[in-house]
Protein chains: 4
Amino acid sequence: MTPLNDEQLHQIRDERREQIKAAAAQVFARKGILCAKMSMIAETAGISSGLLYHYFKSKDELFMSLVQEALDGSVAAVRGVYELPGTPIEKIRAMTEVILDESGAPYFLLVHQARTSDGVPEPVKRLLLQYSMDHYIELLLPLFEAGQRAGEIVAGDSRELISSYLSVLSGIMVVSSYGMKDYCIPKVDRLLRVISSH
Amino acid sequence: MTPLNDEQLHQIRDERREQIKAAAAQVFARKGILCAKMSMIAETAGISSGLLYHYFKSKDELFMSLVQEALDGSVAAVRGVYELPGTPIEKIRAMTEVILDESGAPYFLLVHQARTSDGVPEPVKRLLLQYSMDHYIELLLPLFEAGQRAGEIVAGDSRELISSYLSVLSGIMVVSSYGMKDYCIPKVDRLLRVISSH
Amino acid sequence: MTPLNDEQLHQIRDERREQIKAAAAQVFARKGILCAKMSMIAETAGISSGLLYHYFKSKDELFMSLVQEALDGSVAAVRGVYELPGTPIEKIRAMTEVILDESGAPYFLLVHQARTSDGVPEPVKRLLLQYSMDHYIELLLPLFEAGQRAGEIVAGDSRELISSYLSVLSGIMVVSSYGMKDYCIPKVDRLLRVISSH
Amino acid sequence: MTPLNDEQLHQIRDERREQIKAAAAQVFARKGILCAKMSMIAETAGISSGLLYHYFKSKDELFMSLVQEALDGSVAAVRGVYELPGTPIEKIRAMTEVILDESGAPYFLLVHQARTSDGVPEPVKRLLLQYSMDHYIELLLPLFEAGQRAGEIVAGDSRELISSYLSVLSGIMVVSSYGMKDYCIPKVDRLLRVISSH
DNA sequence: GATGAATGAGTGTTCATTCAT
DNA sequence: CATGAATGAACACTCATTCAT
């Protein structure tokens, strides 16, 4: 009796969800929650605005699901640094390249928007508290300390060093995420000078 | 009962305009054009929203006049770097400190918003074309080249160097402009490592 | 694999229609036309919302078919009062009990909704004109007049008496139809006092 | 400097609020919260829909303020019964006349809608708990008991008697509140028969 | 026959802007 | 000059209805 079997239906739903999430990530990243229009997300995704609500209960829920995913991904990416080959500074260089690789830009901006915009729903705020910058600093601490011991990274307060480096990277990501020619993404080697002992 | 004379009226008018612009700069910087509400600007300025329209024809005009001012100011500030005492790198260090000094943050953010937000009125876009990053690069070129000749600044493509440095500074300004504990403003010395030859 | 024959199809169709009408009566009675959602009717009936439209062209048509049925049933019920055993007042008492018996409540409410809601489609309005309160008064007139002649019912304008009694009954049905503890259904004897001569 | 003085402003605001409340009472009473459209209230009040929101934060708040007022008024009216002249049954007759007087109908319906509709905001539900039917029964208890002692009111469970009478009255109000010729408001004497000992 | 994905018109609400005072 | 009441266009979200499968 069922005209489309469960598997087909499931596949359609999944595809649509991904299609919507991709469109939404782009729009939210650029505009922030308040300024992002659902109609614009729908248009970007190539669907009617009504259909958006078959897949996500509300703008807030859609935003939250994206932020959740971005945060999970970013933690995984940072954790993954330990699997990379090479000395500490080489690992950091590889991680930096991954971060600056523009494919992750929308997600970076998304989290930035979530951290800095008004109108962020309360559940997202709670989520962000769990993924504060300190969280990332702790994740990277062993790596930087190893680098310092190896003489590859300048001596000094490691947490402050990591915080500075991440702020620089975040800043670059944010300003360069708009596809504007005004800002450029510096070469990785230049950025590494901030922390390397040369 | 005595009607105010022209001069007094003019003075009131000027004071009000400044009062409004200060409030608007703050609100626009934090929210972007689209999300900044005229009512919020009025409230911040301590006046009625209706009065806003006696002084500025529209939100767009108000925004544009602020961007104009911020751009003029930033050019003046960058030009001023040549008046600062010391060697090239010392001048750059001083300029960096001024930029990162939070007092200039609202204007910086304002220009950033103007460059990256949607909904920016066409005249503002034209304005920004005249003040592209290249414009600042040209202004700073003699200084950086002098620094390179003096051996204070790493050798290499000076334009690319300046562009990278400005992007890093801009990024830091943007991410740290929200008073969030997540991002930190690195020490100036750390940032200078990006360009200095040590 | 063997396709169902016409008779079986017809039977399925009829069963479905009844299933839908039962669900719809319940939902319309509680919410009114405008607030009743087709999705809610579908869910109550245990079918997909799309299927609703195989059986009823539109919400309005579904509503109208229910109202038609409820009106026909109510006329039949009132006509049936003459078949009941006993004296006029005993017949009326029996009828009152049937009316207040909650099993008929959904249909009663349905007609009430049809009479009082906005958004009632024009054809339904025309239908209701044919089944005005006067129609019921005429049906009951012989019974009440017999009661008056028998001294069981208070003397006076019989039409006004019937109208008052029906209004009281309708009112009770409506306010008590929500399963709320705030309103109670009075004992039949109490209500009969309105018309009985004691 | 202030162009309209506070008093004038206050007066305009009060007038508008009353104008809106009158329109809203009418629309809410007829349609219930969910089906009442703010645009319709605005139209009924003769103002733009935007202006509604200068005076009431939301549909819910508007609804609640009306329900609050209606409940306060109804309690005051019932309490006022003790100030009326005459014997207990005469007081009740007077009170009944006041209730059935159509001027209060919209408020009656409003409370009815609040008690029975879906979509009633939580604060209103809490309000209604405080003004349950039991509340009114307690208010009227001394009066009915006095009537019973005086032999004017039939003996029996007074609370049940009051509850029945109020249900009958409420029902009449509700069904007759739509300005429909189908239902009539019975004469007060007829309704009093429900409780009087004759 | 049966499903549920898809659409689009309509509703509650916000906000830039105007205007009477 | 100054106010805030008033408007209307725009946006988030809902729901009757259609249609491919």
Side-chain angles (χ1 to χ4, degrees), chain A residues 1-6 8-9 12-13 15-16 33-42 46-60 62, chain B residues 3-4 8-9 12-13 16 33-42 47-60 62, chain C residues 3-4 8-9 12-13 16 33-42 47-60 62, chain D residues 1-6 8-9 12-13 15-16 33-42 46-60 62:
Chain A
M1 289 298 176
T2 313
L4 265 61
N5 64 39
D6 279 4
Q8 287 171 308
L9 232 39
I12 288 182
R13 279 193 76 84
E15 274 174 22
R16 275 274 182 269
I33 281 209
L34 284 179
C35 291
K37 311 299 174 196
M38 288 300 261
S39 58
M40 195 176 310
I41 294 174
I47 61 174
S48 73
S49 69
L51 190 54
L52 237 43
Y53 291 88
H54 271 265
Y55 290 94
F56 295 91
K57 220 164 44 198
S58 69
K59 194 182 184 179
D60 280 3
L62 174 54
Chain B
L4 299 172
Q8 285 170 308
L9 280 175
I12 288 181
R13 213 178 152 77
R16 276 271 188 265
I33 312 188
L34 286 179
C35 290
K37 317 292 174 208
M38 287 300 262
S39 60
M40 195 179 308
I41 294 174
I47 62 172
S48 73
S49 67
L51 190 52
L52 235 44
Y53 289 85
H54 271 266
Y55 290 96
F56 296 92
K57 215 163 50 197
S58 70
K59 196 182 184 180
D60 282 1
L62 174 54
Chain C
L4 299 173
Q8 285 171 310
L9 280 176
I12 288 182
R13 211 175 154 79
R16 276 273 187 264
I33 312 188
L34 286 179
C35 289
K37 317 292 174 207
M38 288 299 262
S39 60
M40 195 178 309
I41 294 173
I47 61 173
S48 74
S49 66
L51 190 53
L52 236 44
Y53 289 85
H54 271 266
Y55 290 95
F56 296 92
K57 214 164 51 195
S58 70
K59 195 182 184 179
D60 282 0
L62 173 55
Chain D
M1 288 301 177
T2 314
L4 266 59
N5 64 41
D6 279 5
Q8 287 170 306
L9 233 40
I12 288 181
R13 281 194 77 84
E15 275 173 24
R16 275 274 184 266
I33 265 222
L34 283 180
C35 291
K37 311 297 173 197
M38 288 299 262
S39 59
M40 195 176 312
I41 295 175
I47 61 175
S48 73
S49 69
L51 189 54
L52 237 43
Y53 290 86
H54 271 264
Y55 290 95
F56 295 92
K57 221 164 44 198
S58 68
K59 193 182 185 179
D60 280 3
L62 174 53

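Just so we're on the same page: letters track the sequence lines, and every chain starts at 1.
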**Asked** Can a side chain N or O of A:Y55 be found less than 4.0 Å away from OP1 or OP2 on E:dA6?
**Response** yes
**Asked** B:H54 side chain N/O closer than 4.0 Å to the phosphate oxygens (OP1, OP2) of F:dA2?
**Response** no
**Message:** Heavy-atom nearest nucleotide on DNA chain E for B:I33 versus D:C35: which residue maps closer to 5'?
**Reply:** D:C35
**Item:** Closest-nucleotide 5' rank along DNA chain E - winner of D:L34 and A:G50
**Value:** A:G50
**Fill in**
When rounded to whole Å, the CD1 to C1' distance for the pair B:I41 and E:dA16 reads 11 Å
**Prompt:** How long is the gap from NZ on D:K59 to CG on D:L62, to the nearest 0.5 Å?
**Reply:** 9.5 Å
**Fill in**
Between NZ of C:K59 and C1' of F:dT18 the distance, given in whole Å, is 17 Å
**Prompt:** If you round to the nearest 0.5 Å, how far is OH of D:Y55 from CD1 of D:I47?
**Reply:** 7.5 Å
**Message:** Assuming nearest nucleotide by heavy-atom distance, tell me which of C:M38 and D:L52 is located more 5' along DNA chain F.
**Reply:** D:L52
**Prompt:** Would you say the side chain of C:M38 lies within less than 4.5 Å of the side chain of C:I41, judging by non-hydrogen atoms?
**Reply:** yes
**Prompt:** When you check the phosphate oxygens OP1 and OP2 of F:dC1, does a side-chain N or O of B:R13 lie under 4.0 Å from one of them?
**Reply:** yes
**Prompt:** So what does A:A36 touch, heavy atoms closer than 4.0 Å: a base, only the sugar-phosphate, or nothing?
**Reply:** sugar-phosphate
**Request:** Nearest whole angstrom, please: distance from the C1' of F:dA20 to the CD1 of A:I12.
**Result:** 9 Å
**Complete:** Rounded to whole Å, NZ of D:K57 lies from P of E:dT13 at a distance of 11 Å
**Prompt:** Under 4.0 Å between a side-chain N/O of D:Y53 and OP1 or OP2 of E:dT13, yes or no?
**Reply:** yes
**Message:** Could you tell me the Watson-Crick or G-U partner of F:dA10, where both distances fall under 3.5 Å? Say none if there is no partner.
**Reply:** E:dT13
**Message:** I need the CG-C1' distance between A:L51 and F:dA20, as an integer number of Å.
**Reply:** 14 Å
**Item:** Complementary nucleotide for E:dA5 - Watson-Crick or wobble, under 3.5 Å
**Value:** F:dT18
**Prompt:** Between A:K37 and D:I47, who's closer to the 5' end of DNA chain F by nearest nucleotide?
**Reply:** D:I47
**Item:** From D:C35 atom SG to D:M40 atom CE, the distance as rounded to the nearest 0.5 Å
**Value:** 9.0 Å
**Prompt:** For C:S49 and C:A42, which heavy atoms make the closest approach, and how far apart are they?
**Reply:** CA-CB, 3.6 Å
